[in-house]
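Have a look at the structure below, then the notes.
Naming convention: chains lettered A, B, ... in sequence-line order (proteins, then strands); numbering from 1 in each chain.
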Amino acid sequence: MNSSIGKAYVSTASSSAGWKAGDAAAAADQFPAGLRVLVVDDDPTCLMILEKMLRTCLYDVTKCNRAETALLMLRENKNGFDIVISDVHMPDMDGFKLLEHIGLEMDLPVIMMSADDGKHVVMKGVTHGACDYLIKPVRIEALKNIWQHVVRKRKNEWKDFEQSGSVEEGDRQLKQSDDADYSSSANEGSWKSSKRRKDDGDETDERDDTSTLKKPRVVWSVELHQQFVAAVNQLGIDNAVPKKILELMNVPGLTRENVASHLQKYRLYLRRLSGVSQHQSNLNNSLMSPQGATFGPLSSLNGLDLQTLAATGQLPAQSLATLQAVGLGRPTGKSGIPMPLVDQRNIFSFENPKLRIGEGQQQHVNNNKQMNLLQGIPTTMEPKQLAGLHHTMQSMGNMNMQVASHGSQNSQNNPLLMQIVQPQARGQMINDSSLSHAPRLLSPMGQPILANGIAANVSTKNGIQENIRAPSYNPVLQTSSMSNFPMNHTSELPGNSFPLGSTSGISSLTPKVAFQEDVNSDIKGSMGFMPGYDIFNDLNQHKPQNWELQNIGMTFDVSQHSNILQGNHNDSQSVLVQQGFSSSQVNGQNRSASVISKAMFSVGDGTGHVNAQNGNQHLNTLLVDGTVRVKSETVADATPTNLYPGDDLMSALLKQQDVIAPAEHEFHFDGYSLHNIPE
Amino acid sequence: MDRNRLQHQVACMRRSLFDQGYLDEPFIQLEELQDDANPNFVQEIVTLFYTNSARLIQNIEHALNSRPIDFNKLDDHMHQFKGSSSSIGAKKVTNECTVFRDYCSAENAEGCSRSFQQVKQEYAILRRKLEVYLQMVRQAAVSQTA
């Protein structure tokens, strides 16, 4: 059986590249040969067998043994595949979850497979939107006809499209192109050539071509999805019917059917979110799983999801309020949630968010909504970018989320910003950077976290320079991280100066100071995120529900950074004072910078500062005027007095700081105001 | 002729493997997938199966020996192993896996333990037979080209 297939098509069993570049007509004749299939299965034996079978069917096969990798591939190459076949039981991600993601993000037909043939599992496949369900062991005959799903989908999409336009023409197209339809729909080569023809031909030809050939499916871009979510929020989830949503969105060319199908998926997604276990981490996972699970819809945390989430008890009420406030760009009063600064668009990074980070990372970032933002973040930051840091700090939350993927040195800290953010955001970079100062500050465990970045930094003089640069990362990162968090932004994040800011409120403080140092050193290898993250990570980890922690990211007294940098200098304390930081919180307590336990953060308290509770090192987060200031207190070992301890580093940092923001001694990072944002 | 005899032996052994229920339909699929482009496909798959199985069996052992027994995890591992063995058509092994999973869902540790011994036994037997069989196949192929 197979052998005959093989023989018959031997001549056409060509590489996809060749196929695509070839003659469209010829390619069309060959359909379904060349169908681009992505097969995902953690079992190597099955995977290999499937690959061979699919190749025998003359498909263009890509195999993958992890769901995450598959998603990455799909995101990187949105139009690179025609259909996905995935196993149900996989260790890193449930097959149905993958299915949902694909449906929402790429809208590709997905076939599920499993040795399990129980009715409820098959039903689950149906409800999650799988276009077919194969029982293992899969026979090649079952694979021979999978192309029908591709054709069917295109045909339906085309129909949707048509319905918004001239029905008559649509019918005509449908009838005429019956044969050509499916051959071209799955045939990118044909489509491309038709496209060429299109350019040459006139409008009607164009219409014909597109209708008969591969109908471009509606791609729910970040912006588009954002509009969708905004419309849904405006209407209220109960009142959100496709027709109204469509009207609100007012996007030409979009049909009610497009909206309807997207809405359906979106609802499924929400349901899944709310059905997630009570544990916060689950929530975090769904929101921003480092695995890149989350995407656009998350951003709609803004009102809709938040409510849903809160309602289901997933979110503590306070968190909800905070989130909403953030999402809506409202000052949350208590905590100067940094988020607002984030470019909201980033939240919906379905596609490639415009990362200012740098070319290289773009891809990465895009693919992992939540994570990998920090990848490849350039380590060069301009001092002036520090200014923007604070802004970015606000979006720290995002950063954190994004960071997930980088295993930077400080693995332990995930960008904490929001509890929502999964602590595991291994903000690699962020961790590192934040670790430098923050970690210590925050480690509830009272462990002298200093270790990480700071220790390293302390030793390097030029760390200063780097630190300063670090802030620049924030902005960059932030943009990418946005996706996870609904940051309502009151202003567009300035180019790159912000990302860093978001990374850690803490970092915001540091930008001027040493933190940068840490950041940089850490960043070197990783993303170079603001150290502040670590702080948050810790916080998050320990107290995921503590929304107040978010504020941490807000503002950090520079001095604090110094403190951190110092590693255990009392000077930090004095530095604070000297620097004239508003928080004057230096309350004679000299403690080596330590991680502040969450409880220490008093949001919205102008003067309040959390005193380090841990014996050794605390990071005080001071919330002043709605901004969070993180202040590190050095444990009472020494008396804080000299601002500039003989430590060169410190001096350097301070000086640097002066250079950077000479006039600025007070670093408030009000999430809602963007000053000094270098554009 | 030697070649003919070899081929005959191969055919006989193959037949008995199927008749005795060691192998099933999926194995035939594997054989059919083998072609000039992949002349050792069956052997490759089977080898991959051995490697993977060793790992899975170890996981199951581990899960069975841990206290308390996590039946969900146990079932997960066995599910994987079952999927793997069914994909190459290891009929008897797959059947034993099913028995195991039944005990697992009943959370019968004793039953799981016993049936796991059966699974391992069937796996060992099949492996031996397959090795012999495939070696014969190789010899016959070589003699053919000779």
From A/His89 atom NE2 to B/Gln80 atom CD, the distance as rounded to the nearest 0.5 Å: 9.5 Å
Top contributor to chain A contacts, counting heavy-atom pairs under 4.5 Å, from B/Thr94, B/Val46, B/Asn52: B/Asn52
Salt bridge (charged side-chain N to carboxylate O under 4.0 Å, His left out) assessment of B/Asp35 paired with A/Lys52: CA-CA 10 Å; B/Asp35 54 21; A/Lys52 186 70 173 89; 3.2 Å; yes
Nearest non-hydrogen partners of B/Leu33 and A/Ile49, listed with the distance: CD1-O, 4.1 Å
Least distance between heavy atoms, A/Arg139 atom then B/Glu25 atom: NH1-OE2, 2.9 Å
Proximity breakdown for A/Asp42 and chain B, heavy-atom pairs closer than 4.5 Å: side chain
Other residues, nucleotides, ligands: >12 heavy atoms within 6.0 Å of B/Asn65 CG: yes
Over 12 non-hydrogen atoms of neighbours within 6.0 angstrom of NZ in B/Lys73: no
Validation row: B/Gln29, A/Pro137 side chains within 4.5 angstrom (heavy atoms): no
Gap between atom OG1 of A/Thr45 and atom CD1 of B/Ile45 - 0.5 Å precision: 7.0 Å
B/Glu131, CD atom: more than 12 neighbouring heavy atoms under 6.0 Å: yes
Residue, of A/Pro44, A/Cys46, A/Pro91, A/Ala115, that accumulates the most heavy atom pairs under 4.5 Å with chain B: A/Pro44
Interatomic spacing from CE in A/Met113 to OG in B/Ser87 - rounded to 0.5 Å: 10.5 Å
Electrostatic pair B/Lys82:A/Asp116 at N-O distance under 4.0 angstrom: no
